[in-house]
Amino acid sequence: MMKILIVFGTRPEAIKMCPLVLELKKHDNIECTLCLTGQHREMLDQVMDVFGVKADHDLNIMKAGQSLTSITVYVLEGMEDVLKKEQPDLVLVHGDTTTSYAAALAAFYRKIPVGHVEAGLRTGNIYSPFPEEVNRLQTDRIASYLFAPTQLNKSNLLREGRSDNIFVTGNTVIDSFAYTVKKEYRFHESKLNGLDFDKRRVIIVTAHRRENFGMPLENICNAIKDIASRYNDVSFVYPVHLNPAVRGTVSDMLSDVENVMLLDPVDVSDMHNMISRCYMVMTDSGGLQEEAPHFGKPVLVLRTETERPEAVEAGTVKVVGVNKENIISEAQKLLDHKDAYDLMAAAVNPYGDGHACERIVEAILNSEEFF
Ligand code: UD1
Ligand code: UDP
């Protein structure tokens, strides 16, 4: 019997790791234990409820307006006790959050092998996204099993001198749709049921990155305000991240704007079903850049770079930066020109076929180190 400890703590990690927890639990020769760090609270619990996954440990570390140092210290300390108690053969972490890096480091300090799901994403700039680029570099360095979503992610790892135990799996976010997306769907957020997705062009907006705090986020809000005033048939839906640094700016600038619906974070079922029905997405989120292309929805990335160039190359995602005029003109191209819209909407999603979790489990089961 092999013992695997999965550790995660934020919304996107939960969305991408719950399908893996459920897949691991199908195997009798694996004992799968789950530790939440609680780096997020409400936004994490929303996801756990949708997947019906229960944790065995919860470090419950979240503080309002927390610092990177406090997340790192509390996760490192909390994980020490959990690792001592559980003594896993393998620790699995995901992506680029501070939870993931600190949990990988805690496992390394006890010489427990780490598997990194969503390995090999890079921008090449340690300050953008900050601190995620360093979180994923360090987590990859510690990990002995690297589960890369795409061939390009694998080539990034090869370029850094890694060669063993790299598996190209697809992104587990695509697997999550099997649990969330329905043809006939009634939203849990009642305001969304009042929106006619056939009659109105719904643009979903999200933004939460540290690089965008302050002026860039103000530019994004001003661009939305401008577009909303020009197009009567467009409705913006903006589920606002709970970070106070985001909420202050967004509610000050957009709460009274017609055609802009500000919401608290919606659960992942609502979000995925909304993406599948919307016109397009404007975001600085990593996950949304992978999800929207699956449904053939164009994405304007409100950042100056991306670690996910695959969908840009496929033509379904465009990096438009954080200049107000540029955001407006790129959005207008998609609103005014059917050809430009159709070109982006027809693109293919390079992030997988919905079987990433099976591939990850198969790679673990085939590993001689554990069996
Ligand atoms: C974190 C990750 C980021 C990821 C994002 C997903 C790090 C350094 N950042 O950023 O990579 O893209 O999650 O959303 O790991 N808050 C709540 N309730 C919640 C969640 C957050 O109130 O459920 C508030 C708290 O005041 C918290 C603040 O948001 O202190 C910031 O949360 P934090 O995890 O530090 O940063 P994120 O921007 O969410
Ligand atoms: N998401 C959600 N509810 C929301 C906003 C986003 O369920 O109100 C989902 C979204 O579909 C995606 C994930 O959260 O799966 C992205 O998380 P986030 O943008 O917070 O982090 P990132 O992907 O940038 O790390």
Side-chain angles (χ1 to χ4, degrees), residues 8-19 36-51 60-72 74-75 93-103 118 121 129-136 139 171-177 179-181 187-189 192 204-213 217 237-248 262-276 278 281 283-292 294-295 297 299 301-303 306-308 351:
F8 57 78
T10 67
R11 169 174 67 191
E13 292 165 77
I15 293 168
K16 292 169 166 180
M17 288 298 260
C18 280
L36 301 180
T37 65
Q39 177 177 334
H40 285 175
R41 192 69 277 163
E42 305 89 322
M43 287 161 54
L44 174 66
D45 295 342
Q46 270 184 327
V47 183
M48 305 308 286
D49 288 347
V50 166
F51 286 93
N60 199 21
I61 66 158
M62 196 191 86
K63 305 261 179 298
Q66 61 206 358
S67 70
L68 296 173
T69 304
S70 87
I71 303 169
T72 311
Y74 288 131
V75 172
V93 297
H94 181 277
D96 56 16
T97 67
T98 296
T99 277
S100 306
Y101 171 40
E118 203 175 89
L121 279 67
F130 174 85
E132 289 83 2
E133 179 76 358
V134 165
N135 284 345
R136 57 191 170 220
T139 307
N171 198 304
T172 59
V173 78
I174 308 297
D175 301 28
S176 76
F177 297 142
Y179 299 90
T180 55
V181 180
F187 290 99
H188 304 137
E189 167 54 70
L192 293 174
I204 301 173
V205 180
T206 78
H208 71 85
R209 302 236 82 85
R210 279 176 168 68
E211 310 82 74
N212 278 344
F213 291 175
L217 187 55
V237 178
Y238 185 166
V240 187
H241 194 288
L242 293 181
N243 194 331
V246 175
R247 287 180 90 75
L262 297 185
L263 299 174
D264 284 336
V266 295
D267 74 36
V268 61
S269 286
D270 274 6
M271 193 63 180
H272 285 176
N273 284 285
M274 180 162 60
I275 297 170
S276 73
C278 77
V281 173
T283 189
D284 68 7
S285 158
L288 275 155
Q289 292 177 58
E290 297 152 345
E291 292 167 340
H294 176 85
F295 300 103
K297 306 296 178 174
V299 181
V301 177
L302 307 169
R303 290 167 55 178
T306 181
E307 59 290 279
R308 293 167 168 90
Y351 297 113

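All ligand and atom numbering here is 1-based and tracks the order in the structure. Throughout, residue positions are numbered sequentially from 1 according to the sequence presented.
Geometrically, ligand 2 and His241 share no nitrogen or oxygen pair separated by less than 3.5 Å. Residue Thr98 has at least one N or O atom closer than 3.5 Å to an N or O atom of ligand 1. Residue Ile275 has no nitrogen or oxygen atom sitting less than 3.5 Å from a nitrogen or oxygen atom of ligand 2, judged on distance alone. Considering backbone and side-chain N/O atoms, Glu291 comes within less than 3.5 Å of an N/O atom of ligand 2. Considering both main-chain and side-chain atoms, Thr10 never comes within under 3.5 Å of ligand 1 through any nitrogen or oxygen pair. Polar contact with ligand 2: absent for Asp264 (N/O pair, distance under 3.5 Å). Considering backbone and side-chain N/O of Thr99, none are found under 3.5 Å from N/O of ligand 1. On a distance-only criterion, His241 and ligand 1 share at least one N/O pair closer than 3.5 Å. For ligand 1, one of its N or O atoms has an N or O atom of Gly65 under 3.5 Å away. Of the N or O atoms in Pro12, none lie within a sub-3.5 Å distance of an N or O in ligand 1. By the 3.5 Å distance cut-off applied to N or O atoms, Arg209 is counted among the residues near ligand 2. Between Gln66 and ligand 1, an N or O atom pair is found at a separation short of 3.5 Å.
Side-chain atoms of Thr97 and Ser100 include a donor-acceptor pair closer than 3.5 Å. No side-chain donor-acceptor contact under 3.5 Å links Gln39 and Thr98.
Distances below 4.0 Å separate heavy atoms of Val268 from the following atoms of ligand 2: 7 (O). Residue Gly286 has at least one heavy-atom neighbour below 4.0 Å for each of these atoms of ligand 2: 22 (P), 23 (O), 24 (O). In the vicinity of Pro239, heavy-atom distances shorter than 4.0 Å reach the ligand 2 atoms 8 (O). The ligand atoms of ligand 2 that sit less than 4.0 angstrom from a heavy atom of His272 are 11 (O), 15 (O). Contact atoms of ligand 2 toward Pro265: 8 (O) (distance under 4.0 Å to a heavy atom of the residue). Here is the list of ligand 1 atoms found below 4.0 Å of a heavy atom in Thr97: 15 (O). If you number the atoms of ligand 1 from 1 as listed, the ones under 4.0 Å from a heavy atom of Arg41 come out as 19 (C), 23 (O). Atoms of ligand 1 lying under 4.0 Å from any heavy atom of Pro131, numbered from 1 in the order shown and given with element: 8 (C). Taking every non-hydrogen atom of Leu68 and a distance limit under 4.0 Å, the qualifying atoms of ligand 1 come out as 8 (C). Residue-ligand proximity, Glu132 to ligand 1, at heavy-atom distances under 4.0 Å covers atoms 2 (C), 3 (C), 9 (N), 11 (O). Atoms of ligand 1 lying under 4.0 Å from any heavy atom of Met43, numbered from 1 in the order shown and given with element: 19 (C), 20 (C), 23 (O). Close approach to Ile71 involves these atoms of ligand 1, each under 4.0 Å from a residue heavy atom: 35 (O).
To the nearest 0.5 angstrom, Ile204 atom CD1 is 9.5 Å from Thr283 atom OG1. Between the CG atom of Asp96 and the CD atom of Glu307 there is a distance of 7.0 Å, given to the nearest 0.5 Å. Separation of atoms CE (Met48) and CG (Asp267) is listed at 13.5 Å; rounding is to 0.5 Å. Here the CG atom belonging to Leu242 is positioned 7.5 Å from the CE atom belonging to Met62, to the nearest 0.5 angstrom.
Met271 CG, 3.6 Å is the protein heavy atom nearest to atom 1 (N) of ligand 2. Among all protein heavy atoms, the one lying closest to atom 25 (O) of ligand 2 is Pro12 CG, 3.5 Å. Ser285 OG, 2.9 Å is the protein heavy atom nearest to atom 19 (O) of ligand 2. Closest to atom 23 (O) of ligand 2, if we only count protein heavy atoms, is Gly287 N, 2.8 Å. When only non-hydrogen protein atoms are considered, atom 8 (O) of ligand 2 lies nearest to Val266 N, 3.0 Å. With respect to atom 13 (C) of ligand 2, the closest heavy atom belonging to the protein is Ile15 CD1, 3.7 Å. Looking only at protein heavy atoms, the nearest one to atom 20 (O) of ligand 2 is Arg11 NH2, 2.8 Å.
With ring centers used as reference points, His272 lies under 6.0 Å from Phe177.
Counting heavy atoms from C-beta on, the side chains of Glu42 and Pro265 never come closer than 4.5 Å. Side-chain contact between His208 and Asn243 is absent, with no heavy-atom pair separated by less than 4.5 Å.
Closest of all the heavy-atom pairs between Gly9 and Thr37 is CA-OG1, 3.2 Å. The nearest pair of heavy atoms linking Cys278 to Val281 is SG-CG2, 4.0 Å. Between Leu288 and Ser285, the closest heavy-atom pair is N-OG, 3.2 Å. The nearest pair of heavy atoms linking Gly38 to Leu44 is CA-CD2, 4.0 Å.
Between Arg136 and Glu133, at least one side-chain nitrogen of the basic residue sits less than 4.0 Å from a carboxylate oxygen of the acidic one, meeting the salt-bridge criterion.
More than 12 heavy atoms of other residues, nucleotides or ligands sit less than 6.0 Å from atom CZ of Phe51.
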| query | Is there a side-chain contact (heavy atoms from CB on, under 4.5 Å) between Asn273 and Leu192 once you walk through the steps? | reply | CA-CA 11 Å; Asn273 284 285; Leu192 293 174; over 6 Å; no
| request: Begin with the C-alpha distance, continue with both residues' side-chain angles, and end with the deciding distance and a verdict on side-chain contact (heavy atoms from CB on, under 4.5 Å) for Lys63 and Tyr74. | output: CA-CA 11 Å; Lys63 305 261 179 298; Tyr74 288 131; 4.2 Å; yes
| request: Begin from the C-alpha positions of His294 and Asn171 and carry the test side-chain contact (heavy atoms from CB on, under 4.5 Å) through to its verdict. | output: CA-CA 11 Å; His294 176 85; Asn171 198 304; over 6 Å; no
| said: With salt bridge (charged side-chain N to carboxylate O under 4.0 Å, His left out) as the criterion, how do Asp284 and Arg210 come out once you've worked through the C-alpha distance, each side chain's angles and the decisive distance to 0.1 Å? | reply: CA-CA 10 Å; Asp284 68 7; Arg210 279 176 168 68; over 6 Å; no
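Residue Glu132 places no heavy atom under 4.0 Å from ligand 2. In this structure, Lys16 does not count as a contact residue of ligand 2, since none of its heavy atoms falls inside 4.0 Å of the ligand.
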